[in-house]
Number of protein chains: 2
Amino acid sequence: MDSSVKKNVTITDIAAHANVSKSTVSRVLNDTTPVNEDKRAAVLAAMKEMNFEPNIFARGLASGQSYTIGVVTQNLGSPFYDSIAQGVIAGLAKTAYSPLFADAQWQPEVGKAAVKTLIGRMVDGLIIVGTCPTPDDLEELNQNIPMLLVGTQVKQWPDRCMFIDNEQAAFEATQHLIELGHKKISHITGVPTHEDSIGRVKGYRRALKEANIDVDEDLIYEGNFDGESGVAGVETLLKRKKSFTAIFAANDATAFGARLALYRQGIRVPEDVSIVGFDDQTEAALVTPPLTTIQQPGDEIGIAAAETLLKIINKQEPEIQKLTAKLVVRDSTCPPSSGV
Amino acid sequence: MDSSVKKNVTITDIAAHANVSKSTVSRVLNDTTPVNEDKRAAVLAAMKEMNFEPNIFARGLASGQSYTIGVVTQNLGSPFYDSIAQGVIAGLAKTAYSPLFADAQWQPEVGKAAVKTLIGRMVDGLIIVGTCPTPDDLEELNQNIPMLLVGTQVKQWPDRCMFIDNEQAAFEATQHLIELGHKKISHITGVPTHEDSIGRVKGYRRALKEANIDVDEDLIYEGNFDGESGVAGVETLLKRKKSFTAIFAANDATAFGARLALYRQGIRVPEDVSIVGFDDQTEAALVTPPLTTIQQPGDEIGIAAAETLLKIINKQEPEIQKLTAKLVVRDSTCPPSSGV
DNA sequence: CAAAAAAGTGCAACCGGTTTCACTTTTTGC
DNA sequence: GCAAAAAGTGAAACCGGTTGCACTTTTTTG
């Protein structure tokens with residue numbers, strides 16, 4: 001019945017149609033060797049007329065290139081990682097490359113498997129966001145495949161890491177609270193072993209130190225970047241009966257959780273307690289009160305990562321851009337009153 | 001210098017090592033033809049020993065299969081689409097297939113291009129979430145590639161569409177408000193042309209009708225699924241000076257926006273105005289007050305979609321599961337008092 | 001103007017699998 | 001116990017591109 005099964009057009013068809021050899025068609029396709037203008041035109045015309053699309057498998061098999069970039073994120077749906085993914089999409093949009101996303105689901109083994117799958121899929125390069133596999137794993141997996149680590153700082157590969165200065169951003173977030181007059185500032189951390197977390201804690205501590213405020217370890221709660229840990233953090237702080245007038249949360253989700261726990265206790269934000277988050281995810285501007293937070297330029301990071309990786313692939317000199325986060329002041333912070 | 005460039009192991013190597021022919025190795029690999037147990041064991045051993053991974057290009061070129069499923073979403077980072085994506089990942093996890101994600105960025109042309117790219121990448125099947133290209137476009141693009149539409153209802157392909165009953169879910173959301181005693185219930189819609197939106201408006205109207213409440217067109221505001229449109233919706237409603245005691249928002253983002261606008265006016269939620277959202281995105285449980293909303297089983301949808309598509313690919317009888325959303329009651333709804 | 005360099009082109013090998021076909025060996029059925 | 005069916009196997013063609021090589025033609029150079 002179905003006589004309409006279109007046989008795919010191949011370069012052999014194009015070659016026949018344009019009266020040249022396969023090689024010439026391939027050369028037109030790849031610009032590897034000069035081709036006479038007449039023939040080039042004929043080939044191009046034939047390709048257009050016959051609606052030719054090169055077979056990616058044949059191409060990949062012969063050339064070893066897939067024109068695919070693997071992107072591993074901790075979690076595609078997390079707002080910050082999504083914005084990076086969007087950036088990568090944008091950065092690759094005008095090129096011959098497509099991104100292939102994989103999700104590490106916050107689990108190192110899953111991340112490792114994801115990298116393996118991507119390598120199996122012959123990606124030409126890898127963008128790993130948020131250090132899912134350990135550096136050792138990467139070393140092991142590294143089949144000399146161009147690789148860029150985003151949001152991590154691995155000492156071994158200084159020129160393969162692209163990250164924002166978490167320490168500095170956290171410093172500014174904390175300083176903002178200090179400048180408003182806060183002295184009893186709590187910090188709810190992210191996953192304690194996570195690079196980003198560690199940097200943010202450092203920045204928090206440094207800001208206090210520079211303002212000659214003693215760091216009270218009881219005001220630091222170890223969270224895990226989840227909303228729930230924000231809730232638990234505030235509950236614990238309240239249980240400790242330490243008074244505080246402000247909270248610096250390791251990310252927005254944590255800030256939301258903290259805000260909710262305060263709400264349940266009837267503690268007002270920002271009148272009683274100010275909150276600063278980190279990420280500036282979409283909802284940060286919509287919650288009540290709109291959240292003061294650190295804006296990470298996720299899309300810019302993504303674009304820069306894509307461009308840098310392409311340079312590495314093409315053996316050009318990559319230049320790692322240092323990207324900076326900035327404080328966005330909204331309504332969740334104000335000068336302290338009594339505190340709790 | 002670099003003498004460590006590992007030549008990839010091919011089936012020819014395995015064949016030599018196991019003293020069989022390439023064909024036999026391929027047969028072991030694909031289970032297409034019975035192979036003697038001894039040889040099978042030898043081949044398997046050789047594969048393990050030499051750490052063999054089949055070259056996906058060669059395989060694809062020869063067999064025409066890519067073992068890749070293309071997934072097009074409106075926006076990877078949107079909470080609901082992300083949960084579907086996660087579901088697809090989970091549904092494909094134990095199979096030989098990997099997902100290849102593309103982002104339509106809410107733009108039909110981008111979606112169309114994305115589908116084209118995916119087809120160019122020789123995906124074995126396509127999951128299109130949220131009807132990005134029009135059915136006509138799909139018809140045009142449809143190179144007889146197995147395809148599943150999620151979250152859409154296209155009359156032409158009843159057995160290729162998987163969707164939740166938006167109308168029924170919206171009915172229940174509205175009914176919840178009615179049961180609490182609300183009569184002046186506003187609705188802020190999503191993108192008016194969007195299937196999901198249309199269904200939700202229908203459900204809203206039906207619930208009112210069945211409760212013998214006249215639908216007041218002035219209480220319906222045309223939004224676009226954005227937080228901003230929630231803000232604008234409430235501002236407009238207030239400007240219209242129509243009183244209302246509850247809002248049914250087309251999705252959670254809209255609900256957040258509505259809640260923010262009310263907050264700015266000093267209108268309390270839920271005491272003065274109750275709000276119901278739609279999606280149950282992560283933040284819904286974290287905002288203040290935690291949002292009553294419709295929970296869409298995104299991950300289940302994703303898993304079901306993956307499984308169904310695989311069936312279609314393998315020419316098995318697909319059964320389209322009807323998935324249902326359910327109301328999650330939190331703290332943003334309560335019986336009406338005065339209203340505004 | 002001759003020699004050298006560059007442009008232009010096709011043939012054929014190759015990338016690493018899958019699959020048809022022909023053929024041999026083992027099982028099954030009666 | 002013999003014919004027919006099923007199992008088991010390898011050689012070789014094939015999938016659709018890329019690329020090294022040999023060769024011809026044109027352009028550049030001194």
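A note on names: the letters A, B, ... follow the listed sequences, proteins ahead of strands, and every chain is numbered from 1.
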Engineer: Which pairs count as side chain to side chain donor-acceptor pair (under 3.5 Å) when at least one residue sits in residues 49-61 of chain A, sequence neighbours excluded?
Structural biologist: A/Asn30-A/Arg59
Engineer: Quick one: which residue pairs count as a side chain to side chain donor-acceptor pair (under 3.5 Å) with a foot in residues 37-47 of chain B, not counting sequence neighbours?
Structural biologist: B/Asp31-B/Arg40
Engineer: Once side-chain hydrogen bond (donor to acceptor under 3.5 Å, both in side chains) is applied, do any residues pair with A/Thr308, and if so which ones, sequence neighbours excluded?
Structural biologist: none
Engineer: Between A/Met50 (CE) and D/dG16 (C1'), how many Å, whole number?
Structural biologist: 14 Å
Engineer: Side chains of A/Ile84 and A/Val150, heavy atoms from C-beta outward: is any pair under 4.5 Å?
Structural biologist: yes
Engineer: With respect to the phosphate group of D/dG10, does any side-chain polar atom (N or O) of B/Thr24 fall under 4.0 Å of OP1 or OP2?
Structural biologist: yes
Engineer: Specify the separation, in whole Å, of atom CG of B/Asn19 and atom P of D/dT9.
Structural biologist: 12 Å
Engineer: For B/Asp38 and D/dA7, what is the distance between atoms CG and P respectively, to the nearest whole Å?
Structural biologist: 17 Å
Engineer: Under the salt bridge (charged side-chain N to carboxylate O under 4.0 Å, His left out) definition, can you give me all pairs with a residue in residues 298-312 of chain B, not counting sequence neighbours?
Structural biologist: B/Lys311-B/Glu319
Engineer: So does B/Asn36 get a side-chain nitrogen or oxygen closer than 4.0 Å to the phosphate oxygens (OP1/OP2) of D/dA7?
Structural biologist: no
Engineer: Just by protein heavy atoms under 4.0 Å, how would nucleotides 18-24 of chain D read 5' to 3' in B, S and -?
Structural biologist: BBBB---
Engineer: Whole-Å distance between D/dG8 P and B/Asp31 CG?
Structural biologist: 12 Å
Engineer: Could you state the atom-to-atom distance from CE of A/Met47 to P of D/dG16 in whole Å?
Structural biologist: 17 Å
Engineer: In whole Å, what is the span from the CG atom of A/Asn8 to the P atom of D/dC15?
Structural biologist: 12 Å
Engineer: If each of B/Leu61 and B/Arg40 is mapped to the nucleotide of DNA chain D with the nearest heavy atom, which maps nearer the 5' terminus, i.e. the 5' end?
Structural biologist: B/Arg40
Engineer: To the nearest Å, how far apart are A/Lys39 NZ and D/dT25 C1'?
Structural biologist: 12 Å
Engineer: Please report, to 0.1 Å, the donor-acceptor pairs under 3.5 Å made by any side chain of residues 85-105 of chain A, with sequence neighbours excluded.
Structural biologist:
| residue | atom | partner | partner atom | Å |
| --- | --- | --- | --- | --- |
| A/Gln86 | NE2 | A/Asp82 | OD1 | 3.4 |
| A/Gln86 | NE2 | B/Asp103 | OD2 | 2.5 |
| A/Thr95 | OG1 | A/Leu92 | O | 2.7 |
| A/Thr95 | OG1 | A/Tyr97 | N | 3.1 |
| A/Ser98 | OG | B/Arg121 | NE | 3.3 |
| A/Ser98 | OG | B/Arg121 | NH2 | 3.1 |
| A/Asp103 | OD1 | A/Gln105 | N | 2.7 |
| A/Asp103 | OD2 | A/Leu76 | N | 3.1 |
| A/Asp103 | OD2 | B/Gln86 | NE2 | 2.6 |

Engineer: Should we say atom CD of B/Gln316 is surrounded by more than 12 heavy atoms from elsewhere, each under 6.0 Å from it?
Structural biologist: yes
Engineer: Could you check how far CZ of A/Phe57 sits from P of C/dG16, rounded to whole Å?
Structural biologist: 16 Å
Engineer: State whether A/Ser21 places a side-chain N or O below 4.0 Å from either non-bridging phosphate oxygen (OP1 or OP2) of C/dG10.
Structural biologist: yes
